[in-house]
There are 2 protein chains.
Amino acid sequence: MTDSGVVRRGRGRPPSTHVQEAIRTAAARLFGAKSYDAVSVREVAAAAGVDPSLVIRHFGSKEALFLQTMTVDEAFRGLAEGPLEDLGRLILERLLTVRGGAAISTYAALIGAIDRPEVRSYLEASADRHVVAPLAERLTGPDRELRARLVATQVNGLLFDLRGRPDTGLAGRPTAEVLAVYARALQALIDDPTG
Amino acid sequence: MTDSGVVRRGRGRPPSTHVQEAIRTAAARLFGAKSYDAVSVREVAAAAGVDPSLVIRHFGSKEALFLQTMTVDEAFRGLAEGPLEDLGRLILERLLTVRGGAAISTYAALIGAIDRPEVRSYLEASADRHVVAPLAERLTGPDRELRARLVATQVNGLLFDLRGRPDTGLAGRPTAEVLAVYARALQALIDDPTG
DNA sequence: CATTTCTGCCAACAGCGTTGACAGTTGTGT
DNA sequence: ACACAACTGTCAACGCTGTTGGCAGAAATG
């Protein structure tokens, strides 16, 4: 879906790959550990053993590098699949356990940069593509799209609150307990209110 | 609760008020219109007709000025009061309608700066004080504190998704419709699951 | 073999939040 | 009345930021 970030412009010397890879690796580590603002381009460059200007040259801007590095699509894919009657629990289970909570910390980094328009629209598009759209098609009863949208809202809230504490869980509670209780609320939106 | 931001250090010339007021007014307008990062201290100073260094002198830092300007306590006070059997709807109604959605836009500004530790802890403390703590005392059944915490989580999610669109509502839906549907999910956490 | 597009490197830009230095003003304690 | 302390506002400067331009060389295409 996303290209490598380097635009081929015709004939001539082809772009290198290992320098980009080094920058991307360093950026992923730093953006995962500190906030967007707290990570400087010069810092990423130093970690990658590269000149700061090269980072911009290769990726266009700090924000573009950030967006290319911190993607959440992989963790969100197929989130709305599974039997409807147990989907609330299933969604939460996948979010909280898959890849050791990697989805949460990546999401946390994105939320920290939410004021940047491109980050914001990426996050919205991601929720739409992986949760709202597929779920709206499967729901039955009234207000299907709104209910699907609000499922994403609840997921947003949970991810928002879990920012930075992927292990300890909410309010010191273990993940399993949060999951069981919150699943009921999520399921209240999934179930047909007239049925 | 919060003092004026100027610390009296003993005898001597007392602090002025109208300059602080001018800075605070300019800051409130700018922080409400643009994101934390997009508003510079120099810009606030210019709007207040004041030297940039005075802004820092008076308020300590840009972040302190921000926190003193954008407070959400007023809008959150008493949020968890009212009959338990209808509290889900009541909470949402108060959040979405009080003061024309001023709570939402202020919250939006705070979320935009969520990566700053002091902003983060203020937001957490605010939710605790006005929602989690008073609600946990009133709930019945198992997992009272966790359920109260998750009510705040759902509220967070809604405020998060409503950022920047206090009028149009979610997904273009009018506020009333969102309210009615989401209230069910919120109420699912408030109701005693064993009852 | 000319052309084109990369490479990497250095210096510089404008803007940022913040601080130091300094002179002037206004209050309090004795 | 007088010293002192804490404020006032003004100016220049600090170190940092993301980003850009210039430049010489390398590697591909036609």
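Here the structure is a predicted model, which is why all the values come from computation and not from measurement. Quick note on labels: first sequence line is chain A, next is B, and so on, each numbered from 1.
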How many whole angstroms separate atom [atom1] of [X] from atom [atom2] of [N]?
X: B:Ile23; N: D:dT8; atom1: CD1; atom2: C1'; answer: 12 Å
X: B:Phe31; N: C:dG17; atom1: CZ; atom2: C1'; answer: 12 Å
X: B:Gln20; N: D:dT8; atom1: CD; atom2: C1'; answer: 10 Å
X: B:Glu118; N: C:dG17; atom1: CD; atom2: P; answer: 16 Å
X: B:His58; N: C:dG17; atom1: NE2; atom2: P; answer: 17 Å
X: A:Leu54; N: C:dT5; atom1: CG; atom2: P; answer: 19 Å

Next on the checklist: Before you tell me yes or no, could you show the steps for B:Ser35 and B:Asp37 under side chain to side chain donor-acceptor pair (under 3.5 Å), namely the whole-Å CA-CA distance, both residues' side-chain angles and the distance that decides it to 0.1 Å?
Outcome noted: CA-CA 5 Å; B:Ser35 73; B:Asp37 283 325; 5.5 Å; no
Item to check | Ring geometry between A:Phe160 and B:Phe160 (parallel below 30°, tilted from 30 to 60°, perpendicular above 60°) | outcome: tilted
Next on the checklist: Would a single hydrophobic cluster contain both B:Val181 and A:Val132, if residues Ile, Leu, Val, Met, Phe, Trp and Tyr are joined by side-chain heavy-atom contacts under 4.5 Å?
Outcome noted: no
Checklist entry - So, is the end of the B:Lys62 side chain (NZ or CZ) under 6.0 Å from the ring centre of B:Tyr36 and within 45° of the ring's axis? => result yes
Checklist entry - NA contact type, A:Val50, heavy-atom cut-off 4.0 Å: base, sugar-phosphate, or nothing? => result nothing
Next on the checklist: Between A:Thr153 and A:Leu150, does the side chain to side chain contact (heavy atoms under 4.5 Å, CB included) criterion hold? Intermediate values first, please.
Outcome noted: CA-CA 5 Å; A:Thr153 297; A:Leu150 291 173; 3.9 Å; yes
Item to check | Test item: side-chain donor near acceptor, A:Asp73 and A:Thr71, under 3.5 Å | outcome: no
Checklist entry - In the 5'-to-3' direction, what one-character label does each nucleotide of nucleotides 16-22 of chain D receive under the scheme B = base within less than 4.0 Å of a protein heavy atom, S = sugar-phosphate only, - = no such atom? => result -BBBBBB
